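The sequence lines fix the lettering, A, B, ..., with proteins before strands; numbering per chain opens at 1. Just so you know, these numbers come straight off a predicted model, no measurement behind them.
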Number of protein chains: 2
Amino acid sequence: MLTIGTLAKRTGTKVQTIRYYEQIGLMPEPGRTEGGQRRYGNAELDRLAFIRHSRQLGFPLDAIRELLDLSDAPDRPCHEADEIARRQLKLVEQRMRRLKALRAELKRMVKECSGGKASQCRVLEVLRDHSECLTEHDQIGT
Amino acid sequence: MLTIGTLAKRTGTKVQTIRYYEQIGLMPEPGRTEGGQRRYGNAELDRLAFIRHSRQLGFPLDAIRELLDLSDAPDRPCHEADEIARRQLKLVEQRMRRLKALRAELKRMVKECSGGKASQCRVLEVLRDHSECLTEHDQIGT
DNA sequence: CTTGAACCTAAAGTTGCTAGAGGATGTAGC
DNA sequence: GCTACATCCTCTAGCAACTTTAGGTTCAAG
């Protein structure tokens with residue numbers, strides 16, 4: 001019988017995150033002690049490890065939910081899992097391309113910083129000027 | 001005199017986002033018409049362009065705030081701006097390294113999918129198994 | 001039996017926006 | 001001057017995926 005803290009340590013998750021996963025139905029409601037504390041078994045440990053590994057690969061929680069469902073139903077065809085993975089791969093490659101462009105521009109900025117006053121600073125100048133960059137008006141970050 | 005919609009179009013921002021920037025103090029409170037609609041000048045257009053370009057480079061709003069302050073004080077030494085840019089560059093490089101590892105693992109998963117049933121699916125198997133991957137217990141996504 | 005680490009719930013905060021409701025304004029054409 | 005109607009306004013809530021805080025309870029070791 002594992003406490004939530006042990007589960008957390010073993011999977012590199014925060015305790016609160018585990019409770020959050022329970023809240024949104026990604027982890028099952030575990031058994032409790034008389035005093036009301038959660039106690040887990042190995043099945044839960046495995047499930048959480050699956051979730052965390054998937055998160056580390058960047059899968060959103062919704063996709064993980066689907067993957068867990070598939071994982072629980074061994075007779076269903078697996079092309080759905082494959083689909084999800086391919087989609088994720090595409091996203092990752094998109095982000096990589098974007099980051100590459102960003103890195104190039106940041107490198108240029110840093111390299112050309114005069115080290116003098118803000119008024120001559122290339123960093124600020126480059127930020128002020130859109131014209132040299134790929135003006136894709138879309139989202140970043142995620 | 002520019003309306004908020006014009007400003008939005010010119011900078012590739014949504015109208016609500018501009019109002020949001022105003023709310024958090026990143027954009028100044030502009031003048032208003034008698035009826036209460038916002039009217040902007042070119043200074044505001046430039047400022048917004050600066051913000052958007054910085055966001056496209058992945059700078060968080062806090063960093064942009066600092067950069068704007070620097071930009072407003074031309075006599076301050078620019079090494080702070082340089083610092084911020086370097087920090088950002090480091091973050092970007094970190095993310096790139098991480099994404100590269102992810103891509104490799106995703107590619108492997110996709111390649112080895114048998115196309116059969118979920119019970120033999122490598123995608124699910126790989127997700128179940130942490131041992132082959134760099135088990136860095138830290139955040140992803142951002 | 002005491003101490004203190006680890007547990008509990010519930011609610012709010014984080015980042016950077018986006019979306020919707022419900023209504024007011026501005027401007028172009030007639 | 002009047003009517004459409006695109007655009008503007010405020011306010012509130014929502015998104016992902018958690019994290020933090022507050023205020024209290026339980027468990028296990030010594």
Side-chain angles (χ1 to χ4, degrees), chain A residues 1-27 29-40 44 48 50-68 87-88 91 95 98 137-142, chain B residues 1-27 29-40 44 48 50-68 88 91 95 137-142:
Chain A
M1 286 296 122
L2 310 164
T3 66
I4 196 170
T6 313
L7 212 63
K9 241 168 249 163
R10 296 251 188 106
T11 57
T13 317
K14 299 214 169 160
V15 166
Q16 293 100 313
T17 306
I18 300 176
R19 290 200 278 251
Y20 167 72
Y21 286 160
E22 181 183 328
Q23 204 181 297
I24 61 169
L26 209 56
M27 287 291 288
E29 289 185 23
R32 302 267 186 155
T33 62
E34 273 189 36
Q37 298 195 355
R38 291 168 178 82
R39 287 300 123 93
Y40 295 93
E44 282 98 330
L48 184 55
F50 185 101
I51 295 171
R52 292 313 291 176
H53 192 189
S54 303
R55 285 295 296 134
Q56 276 174 17
L57 288 170
F59 290 96
L61 292 182
D62 275 1
I64 297 175
R65 221 184 280 270
E66 285 184 72
L67 289 167
L68 279 166
R87 211 186 306 144
Q88 184 58 20
L91 272 177
R95 274 185 222 166
R98 226 177 140 59
H137 282 331
D138 59 9
Q139 222 140 296
I140 47 96
T142 51
Chain B
M1 286 297 124
L2 310 164
T3 66
I4 196 170
T6 312
L7 212 64
K9 242 167 248 165
R10 296 250 188 108
T11 57
T13 316
K14 298 217 167 159
V15 166
Q16 292 103 311
T17 305
I18 300 175
R19 290 200 278 252
Y20 167 73
Y21 286 160
E22 181 183 328
Q23 205 182 296
I24 62 170
L26 209 57
M27 286 292 286
E29 288 185 25
R32 303 266 185 154
T33 61
E34 275 190 34
Q37 298 195 355
R38 291 168 179 81
R39 287 301 122 94
Y40 296 92
E44 283 98 330
L48 184 54
F50 184 102
I51 295 171
R52 292 312 291 178
H53 192 188
S54 303
R55 284 295 296 135
Q56 277 174 16
L57 288 170
F59 290 95
L61 293 182
D62 274 1
I64 296 174
R65 222 184 281 270
E66 284 183 70
L67 288 166
L68 279 166
Q88 183 59 19
L91 270 178
R95 276 183 221 168
H137 281 331
D138 60 10
Q139 222 140 298
I140 47 93
T142 48

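- Nearest heavy atom pair, residue A:Ile51 against residue A:Ile64, reads O-CD1, 3.8 Å.
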Nucleotides 1-5 of chain D: which of its N/O atoms have a protein N/O under 3.5 Å away?
none

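- Every residue two or more places apart in sequence or in another chain that forms a side-chain hydrogen bond (donor to acceptor under 3.5 Å, both in side chains) with A:Tyr21 is listed here: A:Arg52.
- Of the possible polar contacts, one joining the A:Gln88 side chain to the A:Leu57 backbone as a donor-acceptor pair under 3.5 Å is found.
- Contact between the side-chain N/O atoms of A:Thr17 and the OP1/OP2 oxygens of D:dT19 is found at a separation under 4.0 Å.
- Taking atom NZ of residue B:Lys14 and atom P of nucleotide D:dT7, one finds them 15 Å apart after rounding to whole Å.
- The nearest whole Å value for the distance from the CE atom in A:Met1 to the C1' atom in D:dC27 is 17 Å.
- With sequence neighbours excluded, the residues that form a side-chain hydrogen bond (donor to acceptor under 3.5 Å, both in side chains) with A:Thr6 are A:Thr3.
- Separation of atoms CD1 (B:Ile4) and OG1 (B:Thr17) is listed at 9.5 Å; rounding is to 0.5 Å.
- As a whole-Å value, the separation of B:Gln16 CD from D:dT7 P is 13 Å.
- One interatomic measurement links the two molecules: CD1 of B:Ile18 to P of D:dT10, which rounds to 13 Å at whole-angstrom precision.
- Here the closest non-hydrogen pair linking B:Arg38 and B:Arg32 is NH2-NH2, 3.4 Å.
- The closest side-chain heavy-atom distance from A:Leu48 to A:Tyr40 is not below 4.5 Å.
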Restricting to nitrogen or oxygen on both sides, can you table the protein-nucleotides 12-17 of chain D pairs closer than 3.5 Å?
residue	atom	partner	partner atom	Å
D:dA17	OP2	A:Leu61	N	3.3

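- The distance between atom CE of B:Met27 and atom P of C:dC17, rounded to the nearest whole Å, is 13 Å.
- Rounding to the nearest 0.5 Å places CD of A:Glu29 at 11.0 Å from CD of A:Gln23.
- In this structure, A:Thr11 and A:Leu7 approach most closely via the heavy-atom pair OG1-O, 2.8 Å.
- What separates CG of B:Leu48 from P of C:dC17 is a distance of 11 Å, to the nearest Å.
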Table of protein N/O atoms under 3.5 Å from nucleotides 7-9 of chain C N/O atoms:
residue	atom	partner	partner atom	Å
C:dC7	OP1	A:Thr3	OG1	3.1
C:dC7	OP1	A:Gly5	N	2.8
C:dC8	OP1	A:Arg38	N	2.9
C:dC8	OP1	A:Arg38	NH1	2.9
C:dC8	OP2	A:Arg19	NH1	2.2
C:dC8	O3'	A:Arg32	NH1	3.4
C:dT9	OP1	A:Arg32	NH1	3.2
C:dT9	OP1	A:Arg32	NH2	3.0
C:dT9	OP2	A:Arg38	NH1	2.9
C:dT9	OP2	A:Arg38	NH2	2.9

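- The side-chain hydrogen bond (donor to acceptor under 3.5 Å, both in side chains) search around B:Gln37 returns B:Arg39, not counting sequence neighbours.
- If you measure from atom CD of B:Gln56 to atom C1' of C:dG16, you get 15 Å, rounded to the nearest angstrom.
- Between B:Arg55 and B:Leu61 there is a side-chain heavy-atom pair separated by less than 4.5 Å.
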